[in-house]
Protein chains: 2
Amino acid sequence: MSAEATMSAEETAVPADPGSARWWAERSVADRRRRPRAGGLSTERIVETSLEVLREEGLEALTVRSVAERLGTSNASLYRHIASRDELIALIADHVMGDIRLKRTGRGWRVDVEALMLEMRRVILSQPLPPSAGRSQSGSGPNMLRLVEFALTLFREAGLTDRQAVYTTITMIEFVGGSTSIRRSPAGRGSNGVAGAAGAAGLRQLLDGLPADDFPALGAAGNLYTAASADDVFTHGMALFLDGVTSQLPGSQ
Amino acid sequence: MSAEATMSAEETAVPADPGSARWWAERSVADRRRRPRAGGLSTERIVETSLEVLREEGLEALTVRSVAERLGTSNASLYRHIASRDELIALIADHVMGDIRLKRTGRGWRVDVEALMLEMRRVILSQPLPPSAGRSQSGSGPNMLRLVEFALTLFREAGLTDRQAVYTTITMIEFVGGSTSIRRSPAGRGSNGVAGAAGAAGLRQLLDGLPADDFPALGAAGNLYTAASADDVFTHGMALFLDGVTSQLPGSQ
DNA sequence: ACCTGAACACCGTTCAAGT
DNA sequence: ACCTGAACACCGTTCAAGT
């Protein structure tokens with residue numbers, strides 16, 4: 001009864017944060033009572049066009065105005081389908097996650113989880129939205145739920161308890177998200193190919209300016225720190241994670 | 001020689017991305033030739049005032065204009081100390097990391113690393129900048145380098161090779177960063193206390209709307225997924241990480 | 001019912017002109 | 001050398017008025 005009161009209050013209360021679970025829930029309800037016209041605007045067309053803008057001009061150029069212009073309408077028209085720019089970004093963030101392919105190899109949970117993590121990383125890095133912009137807003141979208149369902153299945157079959165499977169799934173998503181958002185050398189639009197090299201040179205320059213006495217470990221391992229590639233670090237971190245999961249399985253003494 | 005050419009070219013080439021290693025390096029050079037006046041503006045005063053704005057009104061209210069007004073100067077004056085709003089955010093992001101206390105317990109590497117991770121999480125969550133905004137721009141700042149030095153020391157003393165210590169340190173930072181930026185139920189400024197409860201209710205509502213046949217695992221573990229607290233998930237993920245590190249130590253067969 | 005021109009209330013950033 | 005008024009070129013969002 002009090003649960004029901006909570007449910008119905010959600011419609012009228014403070015508007016839900018774009019990308020939050022409640023926002024996705026309310027949006028799917030609102031979508032059902034929508035009656036689209038042929039040839040008219042639609043959320044999908046808006047998202048598709050937004051991706052074009054992002055790919056060609058980057059996040060800062062993604063304005064309600066630029067998307068409307070590309071669609072040949074007034075910017076005010078978009079507000080019939082999205083309530084704010086933040087909602088647009090939330091929709092894009094989950095839409096892009098739809099590119100993640102979920103498949104079993106038949107060679108055991110560890111191989112499958114590893115493949116899933118690599119696939120997540122590939123999609124997050126190749127998508128035109130900066131990882132930092134999309135991540136916090138995509139966690140509860142339909143495509144992410146699909147991924148959660150898949151990961152839960154893998155971990156349960158591996159032998160984890162339901163509770164362990166849930167926690168491990170969330171941890172996996174957080175880890176992949178974290179490892180894709182830091183350290184992409186010069187993030188953003190002005191991406192000339194020199195990115196990686198410039199990043200390493202800048203780091204070298206930074207370490208050289210440090211007082212050696214205060215940073216003995218960085219002095220000793222600095223070259224490795226400078227040279228560490230994001231791919232290698234991810235591979236290492238993924239192994240740590242998988243080893244950790246293995247140590248939680250019933251069989252492992 | 002070609003290395004020297006690279007170094008000197010960096011001053012004149014494309015401006016460095018705020019928060020990137022090169023940006024921090026160039027900034028520390030520029031800072032040395034600055035000659036501040038008594039009672040005048042300074043980067044520190046600007047950062048301090050920005051934190052006030054953030055604490056009281058949130059990220060969207062943090063404008064060059066609002067900071068200038070609070071300082072009693074023209075907004076144009078800030079551009080003598082920062083080149084853009086993004087630079088301001090990068091400075092804030094690292095400044096806040098200075099609150100992270102680095103200390104040894106004397107009870108072994110695992111206890112120390114665990115304390116460090118909890119301390120990072122505490123500071124990142126209590127700082128007024130949304131984790132997603134600060135993270136990608138703080139990785140190479142002076143306070144983060146201090147933390148890297150400390151973590152490298154712990155992992156080297158634990159028995160990891162320099163290469164393993166470097167990769168493990170980066171992985172740790174990425175993991176803590178990732179786990180703090182997803183799933184803070186309704187991120188942002190409108191934070192009333194009901195945050196967590198509303199987030200759980202929204203998630204419940206979302207799962208209830210799912211076709212049960214397509215989501216068997218979520219159907220079975222849905223309650224656990226809805227109820228999982230961010231703290232518990234972090235504790236679990238941290239254990240996975242530490243178990244993974246343990247399995248890489250020389251002693252572990 | 002849908003769409004949109006025009007306006008509102010802002011932004012970040014620049015620069016010529018002041019002290 | 002430092003500071004700043006005023007302007008430039010934008011934003012997201014709203015809403016009355018149209019079809």
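Computed from a predicted structure; not experimentally measured. Below, chain A is the first sequence line, B the second, and so on; all start at residue 1.
Here the nucleotide nearest the side chain of A/Ser84, chosen from D/dT13, C/dC15, D/dC11, is D/dT13. Looking at the side chain of B/Arg80, the nearest of the listed nucleotides D/dG12, C/dT4, D/dC2 is D/dC2.
C/dA17 is unpaired under the criterion used here, namely a Watson-Crick or G-U wobble arrangement in which both key atom distances are under 3.5 Å. Across all strands shown, the partner of C/dG12 is D/dC8, judged by Watson-Crick or G-U wobble contacts whose two distances both fall under 3.5 Å.
Residue-to-nucleotide contacts include a donor-acceptor pair under 3.5 Å from the side chain of B/Asn75 to the base of C/dT13.
Atom-to-atom, CD1 of A/Ile89 to P of D/dG12 comes out at 10 Å; the value is rounded to the nearest Å. Regarding B/Leu78, its CG atom lies at a distance of 13 Å from the P atom of D/dG5, rounded to whole Å. B/Leu71 places its CG atom 18 Å from the P atom of D/dC2, with the value rounded to the nearest Å. Taking atom CD on B/Glu87 and atom C1' on C/dG12, their separation rounds to 13 Å, with Å as the unit. We find that OH of B/Tyr79 is positioned 13 Å from C1' of D/dC8, with the value rounded to whole Å. Atom P of nucleotide D/dC10 and atom CD of A/Glu57 are separated by 12 Å, given to the nearest angstrom. What separates CD of B/Glu69 from P of D/dG5 is a distance of 13 Å, to the nearest Å. Atom CD1 in A/Ile82 sits about 9 Å away from atom P in D/dG12, given to the nearest Å.
In plain terms, the two heavy atoms of A/Ser66 and A/Val53 that are nearest each other are OG-CG1, 3.9 Å. Nearest approach of A/Glu149 to B/Leu218, heavy atoms of both residues: OE1-N, 2.8 Å.
With rounding to the nearest 0.5 Å, the separation of OG1 in B/Thr169 from OH in A/Tyr225 is 8.0 Å.
Residue whose closest nucleotide on DNA chain C sits further toward the 5' end, between A/Arg65 and A/His81: A/His81.
Under the 4.0 Å criterion applied to side-chain N and carboxylate O atoms, A/Glu119 and A/Arg122 are assigned as salt-bridge partners.
Residue A/Ser77 is classed as a base contact, given a heavy-atom separation below 4.0 Å to a base.
No donor-acceptor pair under 3.5 Å is formed between the side chain of A/Asn75 and the backbone N or O of A/Ala68.
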